[in-house]
Amino acid sequence: VSFIGPRPNLLAVDYEPGVTEPPMRLEVEQPILTADNMEKLRHVELFSGGAFHAEELDICYPAAWGANGMEAALASLAAHAVDAIAQGKNILILSDREVGPDRLPIPALLATAAVHEHLVKLGMRTSAGLVVETGSAREVHHFACLAGYGAEAINPYLAFASIIAMKDRLPGALDDYELVKRYIKAIGKGLLKVMSKMGISTYQSYCGAQIFDAVGLKADFVAEYFTGTATKLILPAFGSLTGGLDVDHPEIRRAGGRGAEALVPVEKPGSVSVFLELARRHGDFAMAGVCCRATITSGTIADARLVYF
């Protein structure tokens, strides 16, 4: 179970029925939202008597800005979040659906953490809920990271589309609804397992808990966007984060952009395999760490592409 929306003051004693009611919150059975759920959420004011108002924030930025554009894009995103809350919006939807030939996405985890931390510093985090609509969330760890840094609900639209597209190759005759349902159930079980290892029993307690160690991110970068997260191995920040975005971008990849020619083929794909393969080739685990870029000790950060650049 997850709750979306503004959070009430648990210590308040001055609520008067019919006069000063605590803020309402949306309850969802689990934090993974379908496309239908997202459409309802976008127009939630129609279903809630005006108690909730959603605002969609685009987490993409012009590709022409290049690698240095991400920092400015994050500042703009945080400012738009503050403006939306000031205008009475109490559900913020961070979406990368606008990604295209001329627009690059901010990594979903970075965008979520940046908005979450900015609102916390301004004392506005309890005024709105955060929902993430991203094509980068696929594995359990991706969802766990997003939840750990403030996402109250997540819509992995690309994962759903991929599963539906490959249904003819899957055993059994399953319709689209059943495929999505089973994927959500699998992710839900995975999240429960991750939380249980930390002794956490509810999604509400895990949401925003930030119980991670960052590897490969600069200390001042972590302090700014992942405040309170421990970091030991220090590497360049934005350059390492944006180094592989051009590989994901079709126009730059066709033009032979930086990193496009050096995707590392390994027999068994995965972050550990790529790390060891790079270390073997270059004889330097530090270089392999740079190639792996932004990673978390228990897996890869959402959106991270393992690229030698």
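Please read all numbers here as calculations on a predicted model, not as lab measurements.
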Item to complete: Please name the pair of heavy atoms, one in R125 and one in H116, separated by the smallest distance, quoted to 0.1 Å.
Response: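 Heavy atoms of R125 and H116 come nearest at NE-ND1, 2.8 Å.
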Worksheet item: Closest heavy-atom contact between V44 and H53?
Response: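 The pair with the smallest heavy-atom distance is CG1-N, 4.1 Å.
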Backbone of [Y] reached by a side-chain donor or acceptor of [X] within 3.5 Å:
| X | Y | value |
| --- | --- | --- |
| N90 | A51 | yes |
| Q30 | S2 | no |
| R103 | C60 | yes |
| E152 | P31 | no |
| R25 | F3 | yes |
| H43 | K40 | no |

Worksheet item: CZ/R138 to CD1/I163 distance, rounded to the nearest 0.5 angstrom?
Response: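 So the gap between those two atoms works out to 12.0 Å.
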Worksheet item: Could you state the interatomic distance from CD1 (I59) to CD1 (I93), rounded to the nearest 0.5 Å?
Response: 12.0 Å
Is it true that atom [atom1] of [X] has more than 12 heavy atoms of other residues, nucleotides or ligands lying nearer than 6.0 Å?
| X | atom1 | result |
| --- | --- | --- |
| K167 | NZ | yes |
| F47 | CZ | yes |
| K181 | NZ | no |

Fill in: Verdict with reasoning, H80 to S76, per side chain to side chain donor-acceptor pair (under 3.5 Å)
CA-CA 6 Å; H80 279 101; S76 176; 3.3 Å; yes
Worksheet item: Could you go step by step and tell me if E55 and R42 meet the salt bridge (charged side-chain N to carboxylate O under 4.0 Å, His left out) rule?
Response: CA-CA 7 Å; E55 178 77 4; R42 283 189 172 90; over 6 Å; no
Discussion item. One thing to verify: whether E224 and K218 come together as a salt bridge, which I'm taking to mean a side-chain N less than 4.0 angstrom from a carboxylate O.
Written reply: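 The answer is no: the pair does not qualify as a salt bridge.
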Worksheet item: T231 and F221: side-chain contact (heavy atoms from CB on, under 4.5 Å), yes or no, with the steps?
Response: CA-CA 10 Å; T231 180; F221 176 83; over 6 Å; no
Worksheet entry | Steps toward salt bridge (charged side-chain N to carboxylate O under 4.0 Å, His left out) verdict (K185, E178) | CA-CA 10 Å; K185 184 177 181 180; E178 186 64 24; over 6 Å; no
Worksheet item: Do D96 and Y157 have a side chain donor and acceptor closer than 3.5 Å?
Response: yes
Discussion item. With a 6.0 Å cut-off on the ring centroids, do F212 and Y149 count as close?
Written reply: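 Yes, the ring centres sit under 6.0 Å apart.
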Worksheet item: Shared ILVMFWY cluster between V222 and L146, side chains joined below 4.5 angstrom?
Response: yes
